[in-house]
Amino acid sequence: MSTSEETAVNLDTDDTAQDNQPSANYADIIYNGIWKNNPALVQLLGLCPMLAVTSTVVNALGLGLATLVVLVGSNIAVSLIRNYVADAVRLPAFVMIIASFTTCIELIMQAYTYELYQILGIFIPLIVTNCAILGRADAFASRNPVLPSALDGFMMGLGFMAILVALGAMRELIGQGTLFSDMQLLLGEAAIHWKWVVFDDYPNVLFVVLPPGAFIGLGLLIAGKNFLDEREKQRIAAQKAKDGPSNSKRVRVTGQVS
Amino acid sequence: MQTAQVFSFHGGIHPEENKTQSLQLPLGKPSLPKELILPLSQHIGQASVPLVAIGDQVLKGAPIAANNGLLSSHLHAPTSGTITAIESRPIAHPSGLSDLCIVLQPDGKETWTELKPLPNWQQLDATEVISHLADMGIVGMGGAGFPTQVKLQGAHKKPLSHFIINAAECEPYITSDDTLIREKTRELVLGIELFQHLVQAEQVTIGIEDNKPTAIAALNKTLTECNSKIQLVVVPTKYPSGGERQLIQLLTGQEVPSGQYPADIGILCQNVGTCVAGYEAVYLGKPLISRITTLTGKALNAPQNVDVLLGTPVAHLLAYADLQEKQLNRLIIGGPMMGYTLDSAAVPIVKTTNCILAANKKELPAPAPEQACIRCGMCEQACPASLLPQQLLWFSKSQELEKAEHYNLFDCIECGACSYVCPSSIPLVQYYRHTKSSIRDAREAAVKSDLAKQRFEARKARQDAEAAEKEAKRLARQQASASKAVQTKKTAPATKTTEKSALNASNSEAAPQINDTTKKLKVDVAIGKSKLKKLQKQLVEAQEDERLEDISALQLHVSEQEKALVELETELAKAVKANPTKKPSDTPDNSVEKAKAPANDALKKAKIDAAIAKAAVKKVEKALKKAEELQAPEVDAIRQQLADAKKRADELEKVLDNPSPSTPPTEQKPAVSAAQLDLASQVKKEKIAVALAKAKINKLNKRLASSPEDAETVSKDIEAAQQQLVQAESLLATLIESQHNSQETS
Amino acid sequence: MFTVLLAIGILVVLSLIFGGILGYAKVRFHVEGDPIVDQIDALLPQTQCGQCGHPGCRPYAEAISNGEAINHCPPGGQATIQALADLLDVEAIPLDGDHGTETAQRVAVIREDECIGCTKCIQACPVDAILGAAKQMHTVIADECTGCDLCVEPCPVDCIDMVDVGITAKNWSWDKPQGVAAQSLNIIATDRSTEVSQ
Amino acid sequence: MALLRITSPHTQRAGRRTSWVMQMVIYATLPGIIVQTWLFGWGTVINLAIAGVAALLSEAAILAMRRRPIRFFLQDYSALLTAVLLGIALPPTVPWWVTVTAVSFAIVFAKQIYGGLGNNPFNPAMVGYAIVLVSFPVPMSQWLGVSSVVASGEMLSFSQSLQAIFHQLPVIDSYTMATPLDGFKHKELLDSQSAFETLPALQAASIDSWLWVNLAYLMGGLALLWLRIITWHTPAALLGALLVMSGLFYVFDTSNAASPFFHLTTGAAMFGAFFIATDPVSSCTSNRGKLIYGAGIGILIYIIRTWGGYPDGVAFGVLLMNFAAPLIDYYTQPRTYGHKKAKTGLKIGGDH
């Protein structure tokens, strides 16, 4: 993975401060998970499955859902035991919890969506090693009560899944000219006609279907987010400039002036 | 003519030469201008110091400015006349800024001062001749204006293998050296031999480009006539073969190591103009007051070379060469490759001005807009220093100073070959110049911030030491006063006798043993103190000399010494405390002495406080006036405070008045000190009050500014305040007077 | 059973070897002190002005190493922020206006005929750049002055001015050329004013 | 007197602007384009037209988004040059959308996203080529054959070419043929000799046609050398390395390897050596660096041709060496005047 959780969080000290507050604001948690601290776009966590399985919407949605469930489950569990785990064995314990949830999900998918399970292959068990999950467990759930932790897990999972699906849709559209093909693999027979052939006679753009295309797609998504953030920042800066600077924060180096 | 091997250097370009235009006409001699402007900084190094005052009459060739330090030069009057001004005038500098100049109004008589040639220079010591050259204000006339005496002295560092005379003149358009060689061939050869006599090089070589056939022929003729050993080497025409380092490589095959001078590898390089100036200085005794300059460019109808007096404004020369004002688009001092543009033609000719290029639009068109660097590598092929210009551009653009330095930015000679060939019209040289100055600024800033840091830390260390000392003193004093209290009860009259001998006698009788220990301790303390002082002195010295390793060691010593001292002092205090009753005489002695010191201190403080109070009152007054003008609403409060201040001032006055006349000089010092301490505290209080008032007035002003509509209601109050202010003022005046009195009496 | 023991044995040996390597590395590459603070301190302008909210540059350097924002130093300005951002590998942010604005290099100058010799400025100067004695006129050693303006406020008679260090022919330098297309939108990184390195 | 105040030098070598350089490179491709059109029909010309329009439009669009002066940047001809190089490299009858994809990807992603002309680390034309080669392997492998060898026995007419590019030519297969490199690659178990005897792609007519194409590009390249727009280092090193590699393997394994002459005169050898590898922006800067860079490409071309998945390796060879160019640059700085040794790497101030 490209960035470890620690540095990702440290990049913005405000975030850690907010994360560490036991009574985090729910609105903040939602905003953090979906946008500001999005695990896929900002923290660049879980890149490996993200780049590997987002060739179609259904793959992305499948993995996204699995990750979401594991994330919520592990966050709740970790939050519940947070006061009873010694610091030294913290991480192994968290990994055990995550592994258990992942195994559950794997078995469930094997049972109900066997084909999708086969398509996703190794990437379902690999959810255990998804830094996003361990990161949230360590950075948030181990310091917050159950309810905020569950919300945080859900929102982070949702943010992750949203990017996965967006990337999947992008790659499916450009790579194969369709959208929502094979949705029945995940959603059952009802979804069999969901496949929308956007372009007829479309030549498969292999480059986009292959993992290198995912890099470019993700790069574009990150660029888009940065662009929006930049605009917002400029707006805030303009607002602040209008308000004028606040009082001086200067201290006297050389004692008091009488 | 001996044939010699000519080496080559990397890169180089072949721009259009454009040399023939200015060689059509013979050497011109322009008339005297209305005024001559002589910048004090015509050379590298410190500016000269003017020797004349406004209104002085000077003769032609008389010194008007002297050198200022080692790397500087003299300046002489180019003609006889009157000094009309010493002021800032625009000078020939790429920035277009002004600098200090001596302005000389010629009287037209051209009366020479007494000339002092050195006819017997061959018998004289080299240093004497060199100092004569320095007195004549000779500087390198090739471009940089390096004082010649410094260069010649530098050449003695190492035995010289080559003495090279630079006659290459590789820049397009410029023909001043060419003309000089043609006109003054004999003088040049004699000048070279003069310099050779001074430096004693193994080999003397004139390097000249093959595009000056007439000059080469003239030189050859003269050299054979003189039967000279000077070698004439003709190098192929290529820009920048006239660069010092490039010419050295062309003639010797050697490279001047980066960051060093040619003298470091036993080579000396002089321009032809400098040699001729040296000849004139020694043979004729003429100082450097004129030079040959090329006037060229398509905006001139009569391009030519002129022998021109230093200080002549460029405008005067342009008029002489028949300038077409409308054609003039760019005015350049120097050549098109390394010269710089002028904002105005009012700037004067200086010792290094070899060419004035008045170009029209067609000749030197405006540069095309900069395009992206495509890393085509043409600049690299052209760079005479074998640099990677495109890489340097990249680092310059992104301000990566360290990387630029690593890529040898400082070996760039700014010859402009890279910019010349750049297909994207990137002003590479400007990027490099900017980056070089950024690096220099950063270095200076680093030195400055290091210094600031050292001084800040030294100050902190000193303050800590002072605080520790004070604390120790305070402890000692506390104990002393405690013992004094005890002692005064027992022996009241003892306080009157301040003579030490008596005290010591009683002291020694009372407790000889203890006294010994305290004495010892005292001696220790004294030694410790002197040691500390010494160390501190050393520390300051070290800081001044910037010896980093010493500083830290010394600081350690100082702090150790301070600690030891504090320990000693506390020990001493303990010792004193342990025997307060047994040695009554010792303590009063101390107490009196100590009381004296604070008394003096307090008095001083009081004086200072009084001064401050005075100033503060002035400030209040000012502020009040302002408030009044602005019709401030809060004058009430100020008035109240002024009243308070007045009261305090009254008290202060009383306190100051009463004790001062009644204080006998020595015996009642403790009382005086007490009174003065009181006074000091009073003044302090008052000062605080005044400060408060000041702050309130400030606030008031602000509020008034925001809400002027309440102003009318308080106008009366303000009047009253004004009256009271006047009263306060007078009170303060008396207060200050009394303080003065007390100072005098005490 | 033997294979199990063998596996365990191999793992134990491996762990010992790697542990040894790690232990050696810790001793061999041990770093003394906290050099990052020194590095940060070296980048700060050492004006000791306190505008950052800390008493001196070093305390601010320590605060930065503990996570304080890097944009609280007006004397250093954007250049210092950029240098700190490069050092700490974080994003360069604009100067925090709450701490003051970046000004040109200035020095304090005492109007000497108005000076009353109170020594207050001498006490206020963090770098001992003011000379003078009580009741004597004071003066600023321009070369030592950092332009922190701490001496201005204590002066009871307001006789200290902060004067911009002017540009003379000696310290003048060429501007940086505008480059390709001076006006453009900051869509990509290389469009920004401080171009990113390779 | 309103005088211009700028830094020295005040004069410039007349005429040799960046746009002139780009134009000259474009003109230097003309012999090759003419020979290619002569041998393989109008497809190349139509491709060039499509590519040119697509390049200018995508460049203009991005410049507009970046609020940069569009006219100014379009006039440097760099976008057009990318289009020309791509138009030449793509098969003559490749569908129009392949060309458009390649060109717009090259301009938008390989060039403008990195900051436009001068900032791209990779050769834009080759990035575009590689993208379509990876994405659309089938149309990219359909090269036309010379008329005497293909099944139909004739060349595509102009209208047929248009139809092939914009619609579909049902009988296109009777005009296409494997290139010699393709044919040699798929000789399967045949040894060299029998391959050259039996495979249609390796017959004299087919090989000669590629020889002519390569000779034409060699001519253009020599013209660029003569104009001093490129230096000899990169092409010489590239061709030399290719020659040495193929020579070595030909000597040791005559039965399975092709002759050096074959390697130098088929595929994009000359085109790559003189027009692609010499792209100054993405290649090395110093002369020594260019030698290493060119040799690297030459070796990679041989490796990819012989053991890789694609018949020709110029595009990937160039792209791979683009990666290495900064590294090579760091270690091949020239020795500066007055320094004893050339510096290597980027060791700065002890790096703390």
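Chain letters run A, B, ... following the sequence lines, proteins first and then strands; every chain starts at 1.
- Among B:G335, B:P369, B:P15, the residue making the largest number of heavy-atom pairs under 4.5 Å with chain D is B:P369.
- Side-chain atoms of B:E380 and D:T231, non-hydrogen and from C-beta on, never get closer than 4.5 Å to each other.
- Contact residues of residues 242-255 of chain B toward chain D are B:R245, B:Q246, B:Q249, B:Q254, B:E255 (heavy-atom distance under 4.5 Å).
- You'll find the side chain of B:S425 reaches within 4.5 Å of the side chain of D:Q12, heavy atoms only.
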Using the rule given for side-chain contact (heavy atoms from CB on, under 4.5 Å), can you reason through B:Q391 versus D:Q333, listing the C-alpha separation, both sets of side-chain angles and the distance that settles it, and then say yes or no?
CA-CA 10 Å; B:Q391 215 64 33; D:Q333 295 176 38; over 6 Å; no
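- Between B:R433 and D:S8 there is a side-chain heavy-atom pair separated by less than 4.5 Å.
- In terms of heavy atoms, D:P280 sits closest to B:C376 at CB-CA, 3.7 Å.
- Contact of the B:Q371 side chain with the D:R17 side chain is registered, since non-hydrogen atoms from C-beta on lie closer than 4.5 Å.
- Although no hydrogens or angles enter the test, the distance criterion places a donor-acceptor pair under 3.5 Å between the side chain of B:R375 and the main chain of D:S283.
- Contacts between B:E405 and chain D at a heavy-atom distance below 4.5 Å involve the backbone alone (N, CA, C, O).
- In B:F410, the CZ atom is crowded: over 12 heavy atoms of neighbouring residues, nucleotides or ligands sit closer than 6.0 Å.
- Around atom CZ of D:F323, no more than 12 heavy atoms belonging to other residues, nucleotides or ligands sit under 6.0 Å away.
- Remark: the backbone N or O of B:P423 is paired with a side-chain donor or acceptor of D:T18 at under 3.5 angstrom.
- Side-chain N/O atoms of D:R228 and B:Q381 include no donor and acceptor closer than 3.5 Å.
- D:M24 CE: more than 12 foreign heavy atoms inside a 6.0 Å radius.
- Around OH of D:Y77, the count of heavy atoms belonging to other residues, nucleotides or ligands within 6.0 Å does not exceed 12.
- The contact between B:Y420 and chain D is made by backbone and side chain atoms together, counting heavy-atom distances below 4.5 Å.
- Considering only heavy-atom pairs separated by less than 4.5 Å from chain D, the leading option among B:G416, B:P336, B:C422, B:S424 is B:P336.
- Between D:M22 and B:I374, the closest side-chain pair of non-hydrogen atoms falls below 4.5 Å.
- If you tally non-hydrogen atom pairs under 4.5 Å between each of B:N408, B:V429, B:V421 and chain D, the highest count goes to B:N408.
- Both the backbone and the side chain of D:N287 come within less than 4.5 Å of a heavy atom in chain B.
- Looking at D:Y337 and B:L387, their side chains never come closer than 4.5 Å, going by heavy atoms from C-beta outward.
- When the candidates B:A359, B:C415, B:G334, B:G339 are compared by the number of heavy-atom contacts under 4.5 Å with chain D, B:G339 comes out ahead.
- By the neighbour-count criterion of 12 heavy atoms within 6.0 Å, atom CD of B:Q324 is densely surrounded, having more than that number from other residues, nucleotides or ligands.
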